[in-house]
2 protein chains.
Amino acid sequence: MRRAQATPGDSQTERGLRELRSRIVAGHWLANTKLREVPLAESLGLSRTPLRAALLQLEQEGLLQRQGGGYIVRSFSFEDALLAIELRGVMEGTAVRMAAERRLGSKQLVPIQETIHQIDELLRDDCVDQYGELNNRFHDQLCSLAGNTFIKQEVERANRLPFAAPSAFSSSEDDLSRFRTTLIVGQQHHHALVQAISRGEGSRAEALAREHAHLSKTNIEVAYRDRAEKHGEFPQLALVSAQVG
Amino acid sequence: MRRAQATPGDSQTERGLRELRSRIVAGHWLANTKLREVPLAESLGLSRTPLRAALLQLEQEGLLQRQGGGYIVRSFSFEDALLAIELRGVMEGTAVRMAAERRLGSKQLVPIQETIHQIDELLRDDCVDQYGELNNRFHDQLCSLAGNTFIKQEVERANRLPFAAPSAFSSSEDDLSRFRTTLIVGQQHHHALVQAISRGEGSRAEALAREHAHLSKTNIEVAYRDRAEKHGEFPQLALVSAQVG
DNA sequence: CTTGCCGCTAATGTATACAAATATGTGGTA
DNA sequence: TACCACATATTTGTATACATTAGCGGCAAG
């Protein structure tokens, strides 16, 4: 039997990357904070070499930004966050259009329909805890249907920013009734998306994916307003600067 | 007076990155070739540390791929190349739609109209040497009009693969007359794009950008067929695997 | 009091030595 | 003859020492 995968995500670089990423998205540093390598390496319990690999990666992910030697935590305006979600919609729209244009057999849609079915049950029983997880699975399966690793990778790239991910604001909402409405509408989008793909309606599928992303836009707008007015806590917004503009 | 920019692209890492990138896109290695760090560092005249930084960056650019520790030169199928161009069209389409929706003043369109004018003159005088450069400038100005660094960066990402760039096949064509037709049609697209943006016709602008990318698709298809049939040389295709599929 | 230069300090950039792990080849055994 | 285990060599992962440079504060001159 083959041994387990070599250092299965368990190297200094990987550990540092995960830990550093989670600290950044949790708002551990203010935007534009310069990260010094030596103290950071100490704090993460590794040496500068794997740390720099992690920093390089996080720059590519868009969480860090070079500034004259060294890195600073990137700041995102509210408009940036909206645009990131818009871009996700565009990318997912492209993926589902391609999926529709492939004229998939009905067999290939069984797994994603199963996911949809599970979300249906979730909503019926009104236990919304697992929604985020299932929703992520749905979106993952969705862009897999495009049939090309290329587009899938790019969609995943677009989802990487914490406020841009499909399920970024799928929980911890103050306004429960508005939240339920969002879920119901979103789930209708899911049904319609798969239907459009199964019928080869590429343009409709693309438009639906974009509109689906707009639900997230509304969510983030509500969260942003709540944070400003009620000083609510939204971990997903930790990276988004508070001032308007 | 301020000193020149700190290490203005002149560090071991930068040099190695440039040199390595150019070797890869030139087809210096076959696809799936494993790059060994020590001999590669020697060959580039630097040590392993900056080399690894460059390798990491090239992985993010999509030219390299991790494989069980170490990197291999990524292989691209012909379909990958087509899809990369399609994605560029999608991204540029999003940028120009946003530009149109911003309702720009006519003043803001002066620079790009100047570029268009220069291309017009180029085509009239039938000196197509500088076309690639001007075309790149046009596309750069185009996605700048979206007014957000975010979208601009993503478009530039989509252009990074050598066969996906706007001017990838804007020269060295065998069939001169077909090439001229392509340029004329492409330039008409340019005119129409700026007109659509100036009129706030977002949907039209987006569709035009996608269709514009399809010109590149045709170009790469011709080049691919020529390579197979006439054994022509197309440096931009060095990364694209020769077998069909 | 302002401004420009100089030197210091602290940071990143680089090289290299060492550790760990994987792949390979060889020998033995069933 | 095929297959498994073990040893070895090659390669990547990590740490650290050193070089280099940018930022900064103080000092002197205008």
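Everything numeric here is computed off the predicted structure, so don't read it as measured data. Proteins come first, then strands; the chains are lettered A, B, ... in the order of their sequence lines, and each starts at number 1.
Of the candidates dT12(D), dT14(C), dA15(D), the closest approach to any side-chain atom of Arg36(B) belongs to dT12(D).
Between Gln12(A) and the phosphate of dA20(C), there is no side-chain N or O to OP1/OP2 separation shorter than 4.0 Å. Between Thr13(B) and dG13(C), a side-chain N or O to OP1/OP2 separation shorter than 4.0 Å is absent.
What separates CD of Glu14(B) from C1' of dT21(D) is a distance of 16 Å, to the nearest Å. Regarding Lys34(A), its NZ atom lies at a distance of 13 Å from the C1' atom of dC24(D), rounded to whole Å. When the C1' atom of dT14(C) is taken as reference, atom CD of Glu37(A) falls 12 Å away, rounded to whole Å. When rounded to the nearest whole Å, the span between CD of Gln67(A) and C1' of dT12(C) equals 14 Å. Between the CD1 atom of Ile72(B) and the P atom of dT12(D) there is a distance of 13 Å, given to the nearest Å. Here dG13(C) presents its P atom at 13 Å from CD of Gln57(B), a figure rounded to the nearest Å.
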Counting only pairs under 3.5 Å, give me each side-chain donor-acceptor contact of residues 25-32 of chain A, with atom names and distances, residues two or more places apart or in other chains.
none

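Using a 4.0 Å cut-off between charged nitrogen and carboxylate oxygen, Glu101(A) and Arg97(A) count as a salt-bridge pair. Comment: Lys217(B) does not engage Glu221(B) in a salt bridge, judged by the lack of any side-chain N to carboxylate O separation of less than 4.0 angstrom. Between Arg210(A) and Glu206(B), at least one side-chain nitrogen of the basic residue sits less than 4.0 Å from a carboxylate oxygen of the acidic one, meeting the salt-bridge criterion.
Side chains of Ser216(B) and Asn219(B): a donor-acceptor N/O pair is absent below 3.5 angstrom, by distance only.
Every residue meeting the side-chain contact (heavy atoms from CB on, under 4.5 Å) condition with Gln141(B), not counting sequence neighbours, appears here in chain and number order: Pro111(B), Ile112(B), Thr115(B), Arg137(B).
Within residues 38-56 of chain A, the residues having any heavy atom under 4.0 Å from DNA chain C are, by residue number, Arg48(A), Arg52(A).
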